[in-house]
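Encoded as structure tokens, the structure appears first; notes follow it.
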Amino acid sequence: MRKLTAKTLLDTVNDPERDVLVKFYAPWCGHCKAMKTPYMELVDHFEGNLTIVIAEIDATAHKIPSELPVKGYPTLLFWPAERGNETKNKEHPIAFQGRREVPDMAAFIERHSVSLQVMEEERKRADYLETLLAAEIAEEKYEEAAKLRDEIAAIRQKIAGNQLIVPGGQKEKKNRKPIFGKRIVEEALRKSKAEQGRKAKGIAAGSAKTA
């Protein structure tokens with residue numbers, strides 16, 4: 001997951017080739033703490049796609065542009081990638097309003113992602129050109145077939161360039177344990193030791209008075 005600062009925020013979200021989701025959080029916010037593990041799992045969900053950026057910024061430590069609709073914590077804003085010069089997606093981030101669970105956040109990204117739409121269109125075009133290539137070869141039009149072959153290869157290469165290749169063809173699911181489990185246990189142990197210490201002092205004081 002990408003950690004942003006006031007200096008890197010705008011450069012990141014304005015990258016025209018990437019869809020960017022940013023979580024604006026406060027370290028003391030209970031809701032922010034509760035969604036930390038699901039948000040990391042969301043990073044895992046899209047880790048094979050280089051056109052989707054999942055990021056976060058501590059809104060209490062870094063100055064946030066006043067025009068951004070960040071009124072409370074956590075706030076999730078999504079900047080779709082641009083499509084040519086006809087759209088201005090980066091000017092109007094989309095606020096996530098759903099449940100802060102992986103399926104809901106992933107569905108939100110997939111619904112609004114421009115890069116995923118473009119990739120799917122490219123994939124369908126390559127499949128269509130494959131059928132044309134087969135027809136040209138069948139008719140022994142080898143010059144036309146060679147042009148189609150080169151175009152298909154360029155499209156496939158572009159798609160592959162936006163994806164990480166996972167050995168075996170499958171992405172291993174990471175076992176994300178609740179991030180705050182260890183801290184909670186340590187805090188409970190600290191309180192337990194402190195309580196035992198107070199009891200021990202009480203017993204010692206009582207024994208001294210008896211003596």
Side-chain angles (χ1 to χ4, degrees), residues 1-65 67-82 89-119 159-186:
M1 177 166 50
R2 193 174 299 187
K3 301 281 188 179
L4 302 180
T5 65
K7 292 183 178 180
T8 61
L9 174 61
L10 293 181
D11 286 342
T12 299
V13 302
N14 286 323
D15 185 336
E17 297 183 353
R18 286 172 173 75
D19 298 297
V20 183
L21 179 71
V22 179
K23 177 182 70 174
F24 297 82
Y25 73 95
W28 45 260
C29 169
H31 293 295
C32 300
K33 294 177 181 179
M35 74 168 295
K36 193 163 186 178
T37 296
Y39 202 66
M40 288 299 300
E41 291 174 348
L42 184 68
V43 175
D44 297 339
H45 183 84
F46 288 105
E47 70 175 350
N49 194 312
L50 302 181
T51 64
I52 294 178
V53 176
I54 311 293
E56 67 177 12
I57 183 170
D58 182 349
T60 66
H62 303 280
K63 185 175 178 56
I64 305 301
E67 66 270 17
L68 294 182
V70 179
K71 306 301 182 184
Y73 309 118
T75 291
L76 274 67
L77 297 179
F78 183 73
W79 284 263
E82 297 285 13
N89 294 335
K90 297 300 182 178
E91 294 180 1
H92 306 288
I94 304 168
F96 174 73
Q97 303 289 352
R99 294 190 312 153
R100 301 182 190 107
E101 300 292 339
V102 177
D104 301 82
M105 293 187 290
F108 170 81
I109 291 175
E110 290 164 359
R111 182 165 63 253
H112 296 288
S113 168
V114 170
S115 70
L116 291 179
Q117 293 174 14
V118 170
M119 193 179 300
I159 293 173
N162 289 328
Q163 295 177 309
L164 292 175
I165 304 302
V166 180
Q170 289 187 339
K171 182 169 61 178
E172 181 180 355
K173 181 176 177 57
K174 296 181 180 179
N175 182 21
R176 292 278 186 192
K177 296 181 180 180
I179 291 174
F180 289 93
K182 181 179 179 181
R183 183 182 62 79
I184 291 172
V185 170
E186 290 176 345

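Atoms considered below: every heavy atom in the structure, side chains included; atoms not considered: hydrogens, waters and symmetry mates.
Smallest separation of non-hydrogen atoms from P38 and V102: O-CG2, 3.3 Å. The nearest pair of heavy atoms linking Y73 to A26 is CD1-CB, 3.6 Å. Closest non-hydrogen pair, P74 versus M35, comes out as CG-SD, 3.5 Å. Nearest approach of R18 to L50, heavy atoms of both residues: NE-O, 3.1 Å.
Residues satisfying the salt bridge (charged side-chain N to carboxylate O under 4.0 Å, His left out) criterion with R100, sequence neighbours excluded, are absent altogether. For T75, the side-chain contact (heavy atoms from CB on, under 4.5 Å) criterion is met by F24, V70, L77, not counting sequence neighbours. Under the side-chain hydrogen bond (donor to acceptor under 3.5 Å, both in side chains) criterion, D104 pairs with R99, sequence neighbours left out. Residues forming a side-chain hydrogen bond (donor to acceptor under 3.5 Å, both in side chains) with Q117 (at least two apart in sequence, or on another chain): R83. Take A6 and apply the side-chain contact (heavy atoms from CB on, under 4.5 Å) test, not counting sequence neighbours, and it matches H62. Legend: residues meeting side-chain contact (heavy atoms from CB on, under 4.5 Å) with P27, ordered by chain and number and at least two apart, are Y25, D58, T60. Under the side-chain hydrogen bond (donor to acceptor under 3.5 Å, both in side chains) criterion, T51 pairs with N49, S115, sequence neighbours left out. Contacts of R2 classified as side-chain hydrogen bond (donor to acceptor under 3.5 Å, both in side chains), with partners at least two apart in sequence or in another chain: none. Scored by the ring pair (Phe, Tyr, Trp, His ring centres under 6.0 Å) test, F96 finds F108 as partners (sequence neighbours excluded). With sequence neighbours excluded, the residues that form a salt bridge (charged side-chain N to carboxylate O under 4.0 Å, His left out) with K3 are E56.
Interatomic distance, D44 CG to E47 CD, rounded to the nearest 0.5 Å: 5.5 Å. Going from atom CG of N14 over to atom CG of N89 covers 11.5 Å, rounded to the nearest 0.5 Å. The CD1 atom of I54 lies 9.5 Å from the CE atom of M1; values are rounded to the nearest 0.5 Å. To the nearest 0.5 Å, the span separating CD1 on I94 from CG on L76 amounts to 12.5 Å. For the atom pair CD1 (I57) and NZ (K63), the distance works out to 12.0 Å, reported to the nearest 0.5 Å. Here the CZ atom belonging to F46 is positioned 4.5 Å from the CD1 atom belonging to I109, to the nearest 0.5 angstrom.
Open room surrounds CD on E17; 12 or fewer heavy atoms of other groups in view lie less than 6.0 Å from it.
Of the possible polar contacts, one joining the T12 side chain to the T8 backbone as a donor-acceptor pair under 3.5 Å is found. Side-chain N or O atoms of K90 include one that pairs as donor or acceptor with a backbone N or O of V13 at under 3.5 Å. With D19 contributing its side chain and V114 its backbone, the two residues share a donor-acceptor pair below 3.5 Å.
Exactly one residue among I52, L42, V43, V53 makes a side chain to side chain contact (heavy atoms under 4.5 Å, CB included) with L21. That residue is L42.
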From CA spacing to verdict: side-chain contact (heavy atoms from CB on, under 4.5 Å), M105, E41:
CA-CA 10 Å; M105 293 187 290; E41 291 174 348; over 6 Å; no

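Considering only heavy atoms from C-beta on, P65 comes within 4.5 Å of L9 through its side chain.
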